[in-house]
Amino acid sequence: MTNMIDLNEQNLALLPADIELPNYDRSKVKAGIVHIGVGGFHRAHQAMYVDQLLKTPGNEQWGICGVGLLEANEGLRDVMKKQDCLYSLIVRHPNGKVENKVIGSMIDFLYAPENKQAVIDKLAHSDTKVVSLTITEGGYNFNPATGEFDLTNEEILHDINNPSDPKTTFGYLTAALKARKEAGMPAFTVQSCDNIQHNGVMTKKMLLAFIDQCDVELSAWVAQNAAFPNGMVDRITPVTTPADIAHLNDLGINDEWPITCEAFTQWVIEDDFCQGRPNWDQAGAQFVTDVTPFEKMKIRLLNAGHSVLGLLGSIHGFATIDESVSDPLFAKFLRTFMDKEVTPLLDNLDGIDLTEYKDTLIERFANPNIKDSLARICLESSAKLPKFLIATVTENLEKQDGQIELATLVLATWCLYSDKQVDQNGNALEISDQMAELLHSTAAQTATDKLAFLGLTDLFGDLRDNDVFTQVYERAIDSLYQDNLNIMALMQDTLALEKEVV
């Protein structure tokens with residue numbers, strides 16, 4: 001379409017009438033929130049909640065300043081600058097309905113590589129009450145097996161030795177908190193919005209472990225004065241595609257970086273803030289005293305379910321989540337995994353019907369309008385699977401009647417995935433993982449040592465020494481490494497084995 005309208009503040013009034021717009025004066029909004037890691041999920045989730053809240057007068061102090069720490073964020077900086085930090089949110093329902101919104105809650109974006117001090121100053125500014133994070137599981141720099149801070153990371157060592165020239169989230173947070181302490185200002189709340197169980201506890205532990213290496217007195221001050229609320233976040237948000245941009249073009253809108261998401265969204269937050277907080281419950285979030293059971297439910301069912309479909313589906317040759325779960329066998333495998341291996345481990349959840357929740361998960365995964373690629377689902381599996389899946393296996397091994405057949409097949413499939421890096425038809429797989437080389441070299445030893453992959457103790461702990469587990473794992477490896485691999489036949493056989501378990 002010609003004569004498209006560029007998305008920016010000046011052109012908002014020119015957009016089609018059926019586009020939901022920010023109906024508040026953005027010039028009066030202050031950045032009470034600084035968010036590190038402005039990816040698609042943040043823009044579909046927290047920024048959306050803030051946008052909804054800003055539509056109610058009296059919340060103008062809770063706008064967002066986005067921060068990109070990585071050089072890879074340069075393109076996003078350029079788009080945000082050009083579009084006055086506005087972007088479109090395309091909400092796709094399973095029935096085909098599409099909602100188009102413009103989100104206005106982000107009022108500034110700082111690109112750290114071009115001015116690190118500006119980022120530190122913004123974090124240290126008196127307006128900043130909450131510093132939120134979506135830096136992925138790997139960004140927290142913890143050893144997956146021990147849960148302890150990794151002091152071998154080169155960038156972490158750089159930040160410890162060069163506090164005024166930070167590269168990592170921890171370096172920036174420490175510099176800002178130090179500045180606030182020295183100025184006699186209060187600390188801010190650090191709010192993780194990542195898929196990590198007890199993400200607030202983890203953030204606090206990792207940050208304090210970092211600061212301990214630099215300034216023990218500052219560490220004690222942060223421990224006493226800052227807040228680190230736990231939270232459970234949920235909204236499926238695929239990577240933006242050219243089709244998303246074309247969808248808006250068809251409406252006459254030129255948005256260079258829109259976001260697509262599903263209609264479902266959930267945010268459960270521990271009510272623990274040290275400098276006030278937005279009333280996100282007015283926008284649909286839920287404040288609770290303990291998010292633990294909600295976190296575990298989501299991580300063990302949704303996130304693990306994604307990995308189940310992602311790894312098995314990738315080996316089969318599927319490309320997207322909806323393609324995988326629309327296959328009856330894959331859907332049956334996933335539901336049996338959720339019912340038999342996960343649900344018995346979950347705590348009671350007030351107000352949650354687990355059967356309904358699992359039904360909804362299957363429906364969400366099957367949404368044909370959310371083309372969530374399996375490559376995206378499987379990226380950084382080394383940071384995800386210890387919490388999402390391996391923890392479930394470990395807990396079930398501790399129970400006399402715990403079942404592990406299905407999860408173990410997925411872990412063995414991860415070995416094959418990392419080793420061969422092709423699907424069962426020989427097509428190359430797109431693999432992105434910080435540990436990709438180590439995963440590949442270790443998995444490649446499976447031909448001579450069936451348990452070689454389990455030697456990655458930072459991921460698998462002591463599972464290699466567990467005879468019950470290794471018996472099931474070796475059987476899966478034997479089947480997966482056959483020349484005529486048929487992953488669906490193996491899934492069917494594994495389902496039959498699980499039914500035999502008492």
Side-chain angles (χ1 to χ4, degrees), residues 1 3-12 14-16 19-22 26 29 31 33-52 54 63-92 98-114 119 132-136 139 193-194 233 235-263 265 320 369-373 375-377 379 432:
M1 177 182 290
N3 300 320
M4 286 190 297
I5 301 168
D6 291 335
L7 180 58
N8 56 47
E9 183 71 30
Q10 181 178 347
N11 291 341
L12 279 178
L14 303 178
L15 298 181
I19 306 294
E20 184 178 329
L21 303 176
R26 296 178 75 228
V29 176
I33 303 166
V34 176
H35 184 83
I36 299 175
V38 182
F41 178 75
H42 164 69
R43 288 190 278 162
H45 194 265
Q46 183 191 36
M48 179 278 301
Y49 281 95
V50 174
D51 182 73
Q52 289 297 111
L54 289 173
I64 300 171
C65 172
V67 173
L69 298 187
L70 308 177
E71 291 184 1
N73 299 136
E74 184 177 9
L76 178 61
R77 174 206 62 186
D78 294 343
V79 172
M80 290 293 97
K81 182 177 181 180
K82 185 184 300 184
Q83 298 185 177
D84 298 322
C85 293
L86 293 166
Y87 62 92
S88 305
L89 187 64
I90 306 167
V91 183
R92 299 187 182 276
V98 179
E99 297 176 73
N100 302 293
K101 307 180 180 184
V102 172
I103 304 297
S105 54
M106 192 177 303
I107 58 172
D108 196 8
F109 182 89
L110 300 179
Y111 176 58
E114 68 183 1
V119 174
S132 53
L133 314 173
T134 46
I135 55 177
T136 77
C193 298
D194 280 299
V233 297
R235 190 170 218 181
I236 297 173
T237 309
V239 174
T240 300
T241 67
D244 298 322
I245 296 174
H247 163 76
L248 291 169
N249 290 168
D250 290 341
L251 300 177
I253 303 170
N254 179 32
D255 183 343
E256 296 185 21
W257 207 321
I259 300 298
T260 293
C261 64
E262 64 171 337
T265 183
T320 62
N369 304 299
I370 298 291
K371 296 296 181 184
D372 207 356
S373 74
R376 187 193 79 85
I377 293 299
L379 65 81
S432 177

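The distance from atom OG1 of Thr320 to atom CG of Asp372, rounded to the nearest 0.5 Å, is 8.5 Å. In this structure, the separation between CG on Leu70 and CD1 on Ile135 is 10.0 Å, given to the nearest 0.5 Å. The distance from atom SG of Cys85 to atom CG of Asn8, rounded to the nearest 0.5 Å, is 12.0 Å. Note that the CD1 atom of Ile370 and the CD1 atom of Ile236 stand 7.5 Å from one another [nearest 0.5 Å]. Rounding to the nearest 0.5 Å places CG of Leu69 at 9.5 Å from CG of Leu133. Taking CG from Leu76 and NZ from Lys81, the interatomic distance works out to 13.5 Å, rounded to the nearest 0.5 Å.
In terms of the side chain to side chain contact (heavy atoms under 4.5 Å, CB included) criterion, residue partners of Asp78 (sequence neighbours excluded) are, by chain and number, Glu74. Partners of Asp255 by side-chain hydrogen bond (donor to acceptor under 3.5 Å, both in side chains), not counting sequence neighbours, listed by chain and number: Gln83, Ser88. Under the rule for a ring pair (Phe, Tyr, Trp, His ring centres under 6.0 Å), the partners of His42 that lie at least two apart in sequence or sit in another chain are His35. Contacts of Thr237 classified as side chain to side chain contact (heavy atoms under 4.5 Å, CB included), with partners at least two apart in sequence or in another chain: Phe41, Ala44, Arg235, Ile259, Cys261. For the side chain to side chain contact (heavy atoms under 4.5 Å, CB included) test, residues two or more places apart in sequence or in another chain that qualify with Ile5 are Asn11, Leu14, Leu15.
Under a 3.5 Å cut-off, the side chain of Glu256 and the backbone N or O of Val79 do not form any donor-acceptor pair. When atom types are taken as modelled, the side chain of Asp84 and the backbone of Glu9 share a donor-acceptor pair closer than 3.5 angstrom. With hydrogens and angles disregarded, a donor-acceptor distance shorter than 3.5 Å links the side chain of Arg26 to the backbone of Met106.
Of the residues listed (Thr240, Leu7, Ile245), the one engaging Trp257 in a side chain to side chain contact (heavy atoms under 4.5 Å, CB included) is Thr240, and it is the only one. The only member of Val50, Asp51, Leu86 that meets side chain to side chain contact (heavy atoms under 4.5 Å, CB included) when paired with Ile103 is Asp51.
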Pairs under 3.5 angstrom only: tabulate donor-acceptor contacts from the side chains of residues 107-114 to other protein residues two or more places apart or in another chain.
from, atom 1, to, atom 2, distance (Å)
Tyr111, OH, Glu71, O, 3.2
Glu114, OE1, Arg77, NH1, 2.7

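Heavy-atom minimum distance, Ile64 versus Ala31: C-CB, 4.2 Å. In terms of heavy atoms, Thr134 sits closest to Asp194 at CA-OD2, 3.3 Å. Annotation for Glu262 and Val91: closest pair O-CG1, 3.7 Å, computed over non-hydrogen atoms.
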inquiry  = Evaluate His247 against Thr260 for side chain to side chain contact (heavy atoms under 4.5 Å, CB included), listing each step before the verdict.
reply    = CA-CA 11 Å; His247 163 76; Thr260 293; over 6 Å; no

task = Would you please test Asn369 and Val98 for side chain to side chain contact (heavy atoms under 4.5 Å, CB included) and show each step?
result = CA-CA 9 Å; Asn369 304 299; Val98 179; over 6 Å; no

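Taking the side chain as every heavy atom from C-beta outward, Arg376 and Leu379 approach each other to under 4.5 Å. Side chains of Pro16 and Ile253 form a contact here, defined as non-hydrogen atoms less than 4.5 Å apart. Val38 has its side chain within reach of Arg43: a pair of non-hydrogen atoms, C-beta onward, lies under 4.5 Å apart. Using a 4.5 Å heavy-atom cutoff, the side chains of Ile33 and Gln46 are in contact.
The environment of NZ in Lys371 is crowded: more than 12 heavy-atom neighbours from other residues, nucleotides or ligands sit within 6.0 Å.
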